[in-house]
Amino acid sequence: MNSQDAFETVAIHAGQEPDPLTGAVVPPIYQVSTFKQDGVGGLRGGYDYSRSANPTRTALEQCLAALEGGLAALAFASGLAAEDALLRTACSPGDHVLIPDDAYGGTYRLFARVLAGWGLSHTVVPMSELAAVREQLAARPVKLIWTETPTNPLLNIADIRALAQAAREAGTMLVVDNTFASPYLQQPLALGAHAVVHSTTKYLGGHSDVIGGAVVMADPDLAERVAFTRNATGGVPGPFDAWLTLRGIKTLAVRMDRHCRNAMRVAQMLAEHPAVAEVFYPGLPTHPGHKTAQEQMRAFGGMVSFRLQAGEEAAVRTCARTRLFTLGESLGGVESLIEHPGRMTHASVAGSALEVPADLIRLSVGIEDCDDLLDDLRQALQ
Ligand SMILES: Cc1ncc(COP(=O)(O)O)c(C=O)c1O
């Protein structure tokens, strides 16, 4: 790749040179567990066993590293497998981390129900409030700051550059879950973050047909250590999953443009709707993180959340009344999805500092015709 190549070009070509053997224009699915050695230790291209490395996965990893502007990327079986491997590499039992006051429920569950038992303690901090973060950093040694921006499901915005600066001054590291934005809209490593994680299940894959995760890093030493953990613990994606993700990435830019355009119109319609109490979308000038989002993102993403005037039961009923928005967990696919975070994706944060409002509805706005989507929401809200 030429270093001047634009994002769209990198997405289609990075790690995806035509196959040297056959000229195949997309990387083949190397559906294989082991590789013949030319004499003991005589590996062809460094491949011996697909848990350690697989050529289809290598293509995906080279592409992800290029898209995030990282030195190395590692693909995982899921977003949570990626998070777990990174955290258990970067931290040790006895360490303390800062986590956001809004985040994917499964991420919170990993910190609160798995890693806490391993010896990793955490403090919940609103990452959009820099003074609160600095206060925590001054109060005790912190091994790592974990943030999402925009957050799931309340679309809070954290200032990545300012957090990275605070992390550096405190001698700690900043990890950004970039799932909601995707590297097309936001590149945290360029803003000073030390590592980026993804649920590639979402916008990167883009078609609701594969589960996957990734860690992208600027530091080769950290990358080597996370690769060791992944090989030692085994949370790798299969070759077909890597191939599906890579195929999705080719159209990331065009999909994201449409997601963002549709989501903006949906947010604007909801903001005017009498049944709606509050809309969460960083593209609205009324959003408290709008200015920061404008500075660090290319556009505002495809996720929109809103609260209903009529309360929880009305929210649950609305989720079941849409025709085009499919009621389901997950996000980031070409098809629109609707869900009730309190009872679905975020059930695991009930009773915690991350609990979400009971009357909240989350939309993953797809790339269908926007007028059709608006009509569907209006009839469901009637
Ligand atoms: C922001 C965010 N991070 C991480 C994950 C976990 O990813 P996965 O479901 O691929 O394990 C999700 C899943 O919904 C998510 O929304």
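Atoms within each ligand, like the ligands themselves, are counted from 1 in listed order.
Nearest protein heavy-atom contact of atom 16 (O) of ligand 1 is Asn152 ND2, 3.0 Å. In terms of protein heavy-atom proximity, atom 4 (C) of ligand 1 is nearest to Glu83 OE2, 3.2 Å. In terms of protein heavy atoms, atom 5 (C) of ligand 1 is closest to Tyr104 CD2, 3.4 Å. Looking from atom 3 (N) of ligand 1 to the surrounding protein, the closest heavy atom is Asp177 OD2, 2.6 Å.
Taking only nitrogen or oxygen atoms, main chain and side chain alike, Leu331 does not reach within less than 3.5 Å of ligand 1. Between Leu80 and ligand 1, a contact under 3.5 Å exists for at least one N or O pair.
In this structure, Arg161 does not pair ionically with Glu295, as no charged nitrogen and carboxylate oxygen lie closer than 4.0 Å.
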Apply salt bridge (Lys or Arg N to Asp or Glu O under 4.0 Å) to residues Asp371 and Arg265 and explain how you reach the verdict.
CA-CA 9 Å; Asp371 290 326; Arg265 285 187 63 200; 2.8 Å; yes
ring-ring contact (aromatic ring centres under 6.0 Å, His included) for His287 and Phe280? Distances and angles first, verdict last.
CA-CA 7 Å; His287 187 288; Phe280 304 89; 7.7 Å; no
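For ligand 1, the atoms sitting less than 4.0 Å from at least one non-hydrogen atom of Glu148 are 1 (C), numbered in the order shown with element in parentheses. Near Thr201, meaning under 4.0 Å from any of its heavy atoms, are these atoms of ligand 1: 10 (O). Every atom of ligand 1 with a heavy atom of Gly79 under 4.0 Å away is listed here by number and element: 7 (O), 8 (P), 10 (O), 11 (O).
Here the straight-line distance linking atom CD of Glu68 with atom CG of Leu204 works out to 7.5 Å at 0.5 Å rounding.
Legend: residues meeting salt bridge (Lys or Arg N to Asp or Glu O under 4.0 Å) with Arg230, ordered by chain and number and at least two apart, are Glu61.
Taking the ring axis of Phe35 as reference, the NZ or CZ atom of Arg44 does not stay both within 45° of it and closer than 6.0 Å to the ring centre.
Checked against the 6.0 Å centroid threshold, Tyr108 and His346 do not count as a close aromatic pair.
Ligand 1 lies less than 4.0 angstrom from a heavy atom belonging to Lys202. In this structure, Glu329 does not count as a contact residue of ligand 1, since none of its heavy atoms falls inside 4.0 Å of the ligand. Put simply, part of Gly212 is less than 4.0 Å from ligand 1, judged by heavy atoms.
There is no path of hydrophobic side-chain contacts, each under 4.5 Å, that joins Leu185 to Val304.
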